[in-house]
Amino acid sequence: MATHMDPDEFRRHGHEVVDWIADYWSGLHDRRVTPNDPPGTVTARLPATPPEYGEGFEQILADLDTVIAPGLTHWQHPGFFGYFPANTSAPSVLGDLVAAGLGVQGMLWATGPACTEVETVMLDWLAHLLDLPPRFRSTGPGGGVIQDSASSATLVATLAALHRASGGEWRMSGVTRRYRVYTSTQGHSSIEKAARLAGLGDDGVRAVEVDETLALSPKALRTALEADRAAGVVPALVVATIGTTSTTAIDPIPEIGEICREYGVWLHVDAAYAGAAAVCPEFRYTHSGLEYADSYCFDPHKWLLTGFDCDAFWVADRAELIEALSVLPEYLRNAATESGAVIDYRDWQVPLGRRFRALKLWFVLRWYGVEGLRAHIRSGVQLAAWFADRVTADERFEVAAPHPFSLVCFRLRAGDEASSELLTRVNATGRVYLTHTRVAGRYTLRLAVGSPLTTHRDVALAWQLIAELAGQDGPGHVDRDAV
Ligand SMILES: *Cc1c(COP(=O)(O)O)cnc(C)c1O
């Protein structure tokens with residue numbers, strides 16, 4: 001017989017879990033950022049089969065300390081500088097807890113009116129917060145929706161673009177002509193994945209050349225569009241990036257937008273990480289030209305203190321997206337949908353079902369307020385700038401790319417091998433964690449600031465470790481790779 005946890009037990013254990021999370025956060029500083037164990041370590045700590053009879057909650061909680069926490073990379077650690085941040089915050093966690101407790105499935109307006117309406121308002125709030133063009137507001141023909149990730153945003157933008165480029169034919173008959181998607185050589189891997197899922201294949205994506213700042217070259221884009229058109233290929237979508245994943249390069253959206261308008265191609269702007277910076281007026285220059293975009297997305301789950309998953313995605317014309325994705329079986333028919341007066345977000349995404357993710361955004365936006373969010377972004381950018389200054393001042397190092405946001409790409413002048421060895425040594429300390437990329441073929445370290453716990457002290461520690469472990473190899477040292 002099932003023994004449900006009654007409300008009083010839930011209250012008690014719920015408090016214990018919140019205490020556990022609070023202790024976890026306050027103790028993060030003393031943990032290694034990444035575990036040091038070989039693959040299979042966590043598996044070996046787990047029984048091979050589930051328990052026959054229910055266990056005490058104390059045992060479950062105790063195993064968080066012995067099985068789970070030691071086997072994690074701690075993304076909220078103040079010394080986590082890898083990839084891009086995946087922020088969370090206490091208000092976000094609490095909003096998510098409420099969403100979990102409500103257990104609402106918001107596929108249709110009718111299955112949870114507040115779930116839909118709060119989401120619409122939150123996306124309008126975010127559009128206001130980032131000062132996005134008016135065309136994305138729900139009060140006009142556009143509107144926003146929460147996707148799980150920027151990858152899903154790319155996918156639905158691709159499908160809507162195909163719908164438009166084919167004049168609706170794609171929806172009926174699939175891919176009957178050769179369509180193509182364009183992005184820079186620095187575009188995110190999700191663009192290729194979306195093209196595969198949409199049936200365009202890897203040949204359906206053209207990687208356009210970049211300039212010396214690693215931003216897409218409008219001239220090269222035009223050449224590619226011309227050549228494809230002449231060859232009978234239909235250009236369907238251009239994906240431009242504000243803040244590329246490798247180095248945070250910013251594609252020239254105004255020029256790209258002009259070209260897209262001229263060729264009648266859907267423009268999707270992917271600002272997964274860097275979009276959050278637009279909460280600050282001084283970083284809005286990075287979003288100029290956005291009025292050309294047919295769709296735009298950024299991830300509050302990366303740099304805006306909202307726990308994964310939360311991608312904010314907007315379209316300028318929601319009718320095109322809905323036409324591309326809508327399927328209405330009899331069992332979902334209802335008066336509200338029929339009336340045309342409501343939004344059914346199932347038509348804006350790939351899955352049918354959806355969680356009440358807007359609740360965590362609501363908690364975050366209200367707790368921090370616009371000023372609180374701006375302070376978080378500014379702190380990250382300032383810490384990154386401080387770090388870049390240290391790198392520049394040390395003649396053993398060089399900054400490898402512009403750093404308009406909170407990511408600094410840098411390397412040892414001594415070459416790839418020295419840089420790669422340095423990263424291994426720095427991460428082996430367990431006190432900080434950085435990742436790497438290649439810039440124009442050269443091995444490059446990345447330091448991305450973003451955890452709400454990261455302070456000047458943590459970035460200073462990172463620099464101290466990096467400077468010490470880089471050794472004495474000066475610019476005169478010649479690396480084997482370089483000769
Ligand atoms: C991180 C990133 C993505 C993918 O983000 P997910 O939300 O994890 O799918 C897409 N584009 C860019 C530019 C990114 O930096």
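In each ligand, atom 1 is the first atom listed, and ligand 1 is the first ligand listed.
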Of Phe397, Phe81, Phe410, the one forming a ring pair (Phe, Tyr, Trp, His ring centres under 6.0 Å) with Phe387 is Phe410
Ranked by distance from atom 9 (O) of ligand 1, the top protein heavy atom is Ser151 OG, 2.7 Å
Margin query: Hydrogens and angles aside, do Asp458 and His77 bring a side-chain donor and acceptor to less than 3.5 Å of each other?
Written below: no
- Task: Count the heavy atoms belonging to other residues, nucleotides or ligands that lie under 6.0 Å from CZ of Arg431, then report whether that count exceeds 12.
- Result: no
of all protein heavy atoms, closest to atom 11 (N) of ligand 1 is Asp270 OD2, 2.6 Å
Open item on the list: Distance alone, cut at 3.5 Å: any donor-acceptor contact between the side chains of Gln349 and Arg354?
Closed with: yes
Does any N/O atom on Gly243 come nearer than 3.5 Å to any N/O atom on ligand 1? no
Is it the case that more than 12 heavy atoms not belonging to Trp367 sit under 6.0 Å from its CH2 atom?
no
Atom 2 (C) of ligand 1 has as its nearest protein heavy atom Lys302 NZ, 2.4 Å
query: Is it true that atom CH2 of Trp362 has more than 12 heavy atoms of other residues, nucleotides or ligands lying nearer than 6.0 Å?
result: no
Q. Is Ser149 close to ligand 1, meaning an N/O of one under 3.5 Å from an N/O of the other?
A. yes
With only distance considered, is Thr245 within less than 3.5 Å of ligand 1 through an N or O on each side?
yes
Does the pair Arg442/Glu398 count as a salt bridge with the N-to-O cut at 4.0 Å? yes
In terms of its nearest heavy atom to atom 4 (C) of ligand 1, the top option of His301, Lys193, His188, Gln147 is His188
Ligand 1 to Phe84, heavy atom cutoff 4.0 Å, flagged ligand atoms 15 (O)
So is Asp299 in contact with ligand 1, going by heavy-atom distances below 4.0 Å?
-> yes
